Amino acid sequence: MGMVNQSVLVYERLDSNMKNSQVRNVVIDVLLRNGLVDDAFKVLDEMLQKESVFPPNRITADIVLHEVSKGRLLTEEKIIALISRFSSHGVSPNSVWLTRFISSLCKNTRANAAWDILSDLMKNKTPLEAPPFNALLSCLGRNMDISRMNDLVLKMDEVKIRPDVVTLGILINTLCKSRRVDEALEVFEQMRGKRTDDGNVIKADSIHFNTLIDGLCKVGRLKEAEELLVRMKLEERCVPNAVTYNCLIDGYCRAGKLETAKEVVSRMKEDGIKPNVVTVNTIVGGMCRHHGLNMAVVFFMDMEKEGVKGNVVTYMTLIHACCSVSNVEKAMYWYEKMLEAGCSPDAKIYYALISGLCQVRRDHDAIRVVEKLKEGGFSLDLLAYNMLIGLFCDKNNAEKVYEMLTDMEKEGMKPDSITYNTLISFFGKHKDFESVERMMEQMREDGLDPTVTTYGAVIDAYCSVGELDEALKLFKDMGLHSKVNPNTVIYNILINAFSKLGNFGQALSLKEEMKMKMVRPNVETYNALFKCLNEKTQGETLLKLMDEMVEQSCEPNQITMGF
DNA sequence: CTAGGGTTAG
């Protein structure tokens, strides 16, 4: 501390024309390192004055921002203000630091603040590089905000900040994930090889190719994906790797071409690339979807013999497949197998089990799994809560429904529209209109607009007690007061209700209305109408409607045949 | 910046 005091003493005695930026930087550094934050900021403030003779430089920003974030000396807001003051002197924070700061803002869903910082720095023409922009771009990409991404890239171009390989990677990836593969290919061709002022070139790399191949596969354009692989092999620094082949394998699996997928495994081996656990999981998943569990298990065991061990994802895939064919015992068997194999379950394994059990309506088993999940130190997420609430509603277990809701609240989780829709339909089925209204109100209070499903549940409830006037009122409200429009399901509910009451005229005019409004009728629409005709034995109208059904390309089903 | 895992209500 003595040394610090001496340094400060010396500094204070200096003539003000001796206190240049370099000297001040040293003093600020010493003060901050010794925790004398207020003193440091006093010196900094002198530098940041508008007409300061010795303004801050790159090093000032380096020292201050590094220490500030290391010691958490300032709030995010104050750091932003500080950056802005540096910016007004034409000083940028160090690129690495700025990138980290932008990322952390984005993680806290403060992309707007990040945007403002970068705009401010650009406006003041401070020197900038691509990485901080990449951080913001990848955040915008996660939110699929492509238009703001394009804006940012344009702004970069205006102030001559050159994009790098990562920038290109982010753009391609976001476009591919939004299924806009052609645009991704276009951006790729446009940006790659582009020479900038300083002679640098953005070179295409394996990640770019992998992303594009995956994008093409995900939209089923397998032939083009294969062509891109050929092109990739001809490029300089682009060697296909396990990711490349796994993307192709996934593409074939999704298309149900399991044999071709297995051929790609052979091709990758010939190419000197070992299949990995992702390869196994992809094919196991594909087999489960298209050829059933047994084939998948055989494949899995073959691969284990080749030395590729399964992981949580492998077991989860198998567990899910068991559940989807209602084989809970087998699901639990694979759960045990997973533990034996030394794979520690993560939260998602439990969610998958819960999802499977909810689908086959095994409420007691689901409760057991929830207990196991909690024992494992995990908690349910909104999705899992929704599935469970749905299950307990279905089982008329109001007590459990309330338990789930209080649990959610305890964990600070807000119900979403799916939760509300589930509850509204539950109360509707019990003809508890008071609760229905209460839920609708609460939903609005939570800032959630009613969805088509919400209306569907309520309209259905009023129809079920024969209050068609009330149902029609809501139906009309839909178009008027909210942005949701009636869909096929809503029309079917009403047509069914009128048909049941023998009001064929009203039912028929609703069907006409839906055709006029371009809402497609389906088999159920016609079946609902037939229900009414059958009683009145109006054969002629029936035949006419049958013809119309064909016209509308509605496949008649079992129920239709009964008329 | 690239590959594989659970999504509800009518």
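Everything quoted here is computed from the prediction, not taken from an experiment. In what follows, chains carry the letters A, B, and so on, assigned in the order in which the sequence lines appear, proteins first and then strands, with residues in each chain numbered from 1.
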May I have the distance from [X] (atom [atom1]) to [N] (atom [atom2]), rounded to whole angstrom?
X         : N      : atom1 : atom2 : value
Leu382(A) : dG6(B) : CG    : P     : 18 Å
Leu391(A) : dA9(B) : CG    : C1'   : 14 Å
Met443(A) : dA9(B) : CE    : P     : 15 Å
Asp214(A) : dC1(B) : CG    : P     : 16 Å
Asn210(A) : dT2(B) : CG    : P     : 11 Å
Lys309(A) : dG4(B) : NZ    : P     : 24 Å
His320(A) : dG5(B) : NE2   : P     : 10 Å
Met439(A) : dA9(B) : CE    : C1'   : 15 Å

Which nucleotide in the list [options] gets nearest to the side chain of [X]?
X         : options                 : answer
Ser425(A) : dG5(B), dG10(B), dC1(B) : dG10(B)
Asp460(A) : dG10(B), dT7(B), dT2(B) : dG10(B)
His208(A) : dG4(B), dC1(B), dG5(B)  : dC1(B)
Lys177(A) : dT2(B), dC1(B), dG4(B)  : dT2(B)
Asn281(A) : dT2(B), dG4(B), dG6(B)  : dG4(B)
Thr453(A) : dC1(B), dT7(B), dA9(B)  : dA9(B)
Thr211(A) : dG10(B), dT2(B), dG5(B) : dT2(B)

**Request:** For Ile172(A) and Ala184(A), work out which heavy atoms get closest and say how close.
**Result:** O-CB, 3.9 Å
Mind checking [X] for me? I need base, sugar-phosphate or nothing, with any heavy atom below 4.0 Å counting as a touch.
X         : result
Thr282(A) : sugar-phosphate
Gln359(A) : sugar-phosphate
Val277(A) : base
Ile493(A) : sugar-phosphate
Val452(A) : nothing
Asn241(A) : nothing
Asp416(A) : nothing
Asn134(A) : nothing

**Request:** Would you check, one step at a time, whether the test ring pair (Phe, Tyr, Trp, His ring centres under 6.0 Å) holds for Phe475(A) with Tyr491(A)?
**Result:** CA-CA 9 Å; Phe475(A) 174 69; Tyr491(A) 275 104; 5.3 Å; yes
So, under a plain 3.5 Å distance rule, would you say the side chain of [X] forms a donor-acceptor pair with the base of [N]?
X         : N       : result
Asn311(A) : dG4(B)  : yes
Asn492(A) : dG10(B) : no
Asn276(A) : dG4(B)  : no

**Prompt:** Which of these passes side-chain contact (heavy atoms from CB on, under 4.5 Å) with Leu137(A): Ile102(A), Val166(A), Thr167(A), Thr174(A)?
**Reply:**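 The option that passes is Thr167(A).
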**Request:** Answer yes or no: does a side-chain N or O of Lys348(A) lie under 4.0 Å from OP1 or OP2 of dG4(B)?
**Result:**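 Lys348(A) to dG4(B) OP1/OP2: no side-chain N or O under 4.0 Å.
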**Message:** Please confirm whether the shortest side-chain N or O distance from Lys429(A) to OP1 or OP2 of dG10(B) is below 4.0 Å.
**Reply:**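 Looking at the OP1 and OP2 atoms of dG10(B), one of them is under 4.0 Å from a side-chain N or O of Lys429(A).
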**Message:** Please evaluate residues Phe427(A) and Phe433(A) with respect to the criterion ring pair (Phe, Tyr, Trp, His ring centres under 6.0 Å), reporting the C-alpha separation (whole Å), side-chain torsions for both, the decisive distance (0.1 Å), and the verdict.
**Reply:** CA-CA 7 Å; Phe427(A) 289 126; Phe433(A) 290 97; over 10 Å; no
**Asked** With a 3.5 Å cut-off and no angle check, do the side chains of Asn397(A) and Asp363(A) form a donor-acceptor pair?
**Response** no
